[in-house]
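Everything below concerns the one structure shown next.
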Amino acid sequence: AEAGVGVVATQSFLNLAYGPEGLELMRSGRSASEALAELVGRDPEQDLRQVAMVDAFGGSAAHTGERCVAAAGHLVGDGYSVQANIMVDDGVWPAMAHAYKMASGDLADRLVTALEAAQAAGGDLRGQQSAALLIVAGEPPQRPGEGKRFDLRVEDHPTPLAELRRLLQLARAYRYVEEGDAAVGQGR
């Protein structure tokens with residue numbers, strides 16, 4: 001993910017080059033849909049890939065190859081994409097999309113709600129282990145090092161979504177402390 005550019009999520013039989021190459025294509029002015037089409041079009045193993053992109057303007061696109069491990073699929077909408085593979089059944093990603101669209105709160109809340117809906121719909125065939133949340137600003141950062149809103153990871157936990165939700169609450173608390181410190185430093 002890159003602030004002011006977009007985000008690329010790749011999974012299944014992943015090709016890690018999709019991330020930096022997709023961001024470069026979007027940085028050069030291509031939409032998520034155009035960037036994805038170019039990457040998939042030149043990939044001889046596209047039928048094994050699952051990849052989604054959302055650009056800074058809210059355009060979204062996704063690809064789930066025919067040979068991804070079932071149950072696998074995706075849905076895209078205005079400013080979002082949900083995708084999953086190795087799920088218990090094909091009801092998982094529709095549950096994610098519905099939860100995302102119906103959720104309230106900021107983007108972080110809506111994304112975690114979508115993940116929770118995936119788990120409630122049956123989730124990963126292999127069970128639970130990890131969860132992550134990465135959010136960047138839609139605009140380019142003012143200064144280097146800025147632009148990342150949240151970057152949270154739960155690598156190994158019996159209830160990773162509950163732990164991710166806890167880490168999100170903690171990250172917000174730290175952000176409020178930083179804002180308070182800045183206000184004091186400015187005499188406010």
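Since we're looking at a predicted model, the values are computed, not measured.
Between the side chain of Ser60 and the backbone N or O of Gly77, at least one donor-acceptor pair lies under 3.5 Å. His63 places no side-chain N or O within 3.5 Å of a backbone atom of Val40 that could act as its donor or acceptor partner.
Taking a 6.0 Å sphere around CD of Gln169, one finds it holds 12 or fewer heavy atoms contributed by other residues, nucleotides or ligands. Around the CG atom of Asp181, the shell of radius 6.0 Å holds more than 12 heavy atoms that belong to other residues, nucleotides or ligands. Within 6.0 Å of CD in Gln186 there are more than 12 heavy atoms belonging to other residues, nucleotides or ligands.
Separation of atoms CD1 (Ile135) and NZ (Lys148) is listed at 12.0 Å; rounding is to 0.5 Å. Note that CG of Asn85 is 5.0 Å distant from CD of Gln11, once rounded to the nearest 0.5 Å. Atom CG of residue Asp55 and atom CD of residue Glu2 lie 13.0 Å apart, to the nearest 0.5 angstrom. To the nearest 0.5 Å, atoms OH (Tyr100) and CG (Leu107) are separated by 5.0 Å. Once rounded to the nearest 0.5 Å, the distance linking CD of Glu45 with CZ of Phe13 reads 9.5 Å. Rounding to the nearest 0.5 angstrom, the gap separating the OG atom in Ser33 from the CE atom in Met26 is 11.0 Å.
Just one of Arg165, Met102, Met96 meets the side-chain contact (heavy atoms from CB on, under 4.5 Å) condition when paired with Thr113; it is Arg165.
Tracing side-chain contacts under 4.5 Å through hydrophobic residues (I, L, V, M, F, W, Y), one never reaches Val54 starting from Phe57; they form parts of separate clusters. Each of Leu170 and Leu161 belongs to its own hydrophobic cluster when Ile, Leu, Val, Met, Phe, Trp and Tyr are linked at side-chain heavy-atom distances under 4.5 angstrom. In the hydrophobic clustering of ILVMFWY residues, with side-chain heavy atoms under 4.5 Å counting as a link, Ile86 and Leu115 come out together.
In plain terms, the two heavy atoms of Gln83 and Ser81 that are nearest each other are OE1-OG, 2.7 Å. Minimum heavy-atom separation, Ala118 to Val92: CB-CG1, 3.7 Å. Of all heavy-atom pairs spanning Gly138 and Ala56, the tightest one is O-CB, 3.6 Å. In plain terms, the two heavy atoms of Asp109 and Asp106 that are nearest each other are N-OD1, 2.9 Å. Among all heavy-atom pairs drawn from Leu134 and Ala1, the shortest one is CD2-CB, 3.7 Å. Taking all atoms of both residues into account, the shortest heavy-atom contact from Ala108 to Leu133 is CB-CD2, 4.0 Å.
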Checklist entry - After noting the C-alpha distance and the side-chain angles of Val8 and Leu36, does the key distance pass the side chain to side chain contact (heavy atoms under 4.5 Å, CB included) rule? => result CA-CA 9 Å; Val8 179; Leu36 181 63; over 6 Å; no
Checklist entry - After noting the C-alpha distance and the side-chain angles of Leu167 and Glu163, does the key distance pass the side chain to side chain contact (heavy atoms under 4.5 Å, CB included) rule? => result CA-CA 6 Å; Leu167 291 176; Glu163 180 65 2; 4.0 Å; yes
Next on the checklist: Between Leu25 and Glu34, is the side chain to side chain contact (heavy atoms under 4.5 Å, CB included) condition met? List the steps.
Outcome noted: CA-CA 8 Å; Leu25 289 168; Glu34 293 166 334; over 6 Å; no
Next on the checklist: The test is side chain to side chain contact (heavy atoms under 4.5 Å, CB included); show your working for Leu39 and Glu21 and say whether it passes.
Outcome noted: CA-CA 8 Å; Leu39 291 177; Glu21 290 177 8; 3.5 Å; yes
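Not a single ring pair (Phe, Tyr, Trp, His ring centres under 6.0 Å) links Phe150 to another residue, sequence neighbours left out. The salt bridge (charged side-chain N to carboxylate O under 4.0 Å, His left out) test applied to Lys101 returns no partner, not counting sequence neighbours. Asp47 is linked by a side chain to side chain contact (heavy atoms under 4.5 Å, CB included) to Arg67, counting only residues two or more places apart in sequence or in another chain.
For the pair Met53 and Val7, the minimum side-chain heavy-atom distance is 4.5 Å or more. Two residues are said to be in side-chain contact when any heavy atoms from C-beta on lie closer than 4.5 Å; Leu152 and Leu164 meet this criterion. A heavy-atom distance below 4.5 Å is not found between the side chains of Leu111 and Tyr80. Considering only heavy atoms from C-beta on, Val112 comes within 4.5 Å of Glu116 through its side chain. Leu75 is listed as a side-chain neighbour of Pro94, based on a closest heavy-atom distance under 4.5 Å.
The existence of a salt bridge linking Arg175 and Glu178 is excluded, since no basic side-chain nitrogen approaches an acidic carboxylate oxygen closer than 4.0 Å. Using a 4.0 Å cut-off between charged nitrogen and carboxylate oxygen, Glu38 and Arg42 count as a salt-bridge pair.
In this model, no donor atom of one side chain and acceptor atom of the other lie less than 3.5 Å apart for Ser130 and Glu155.
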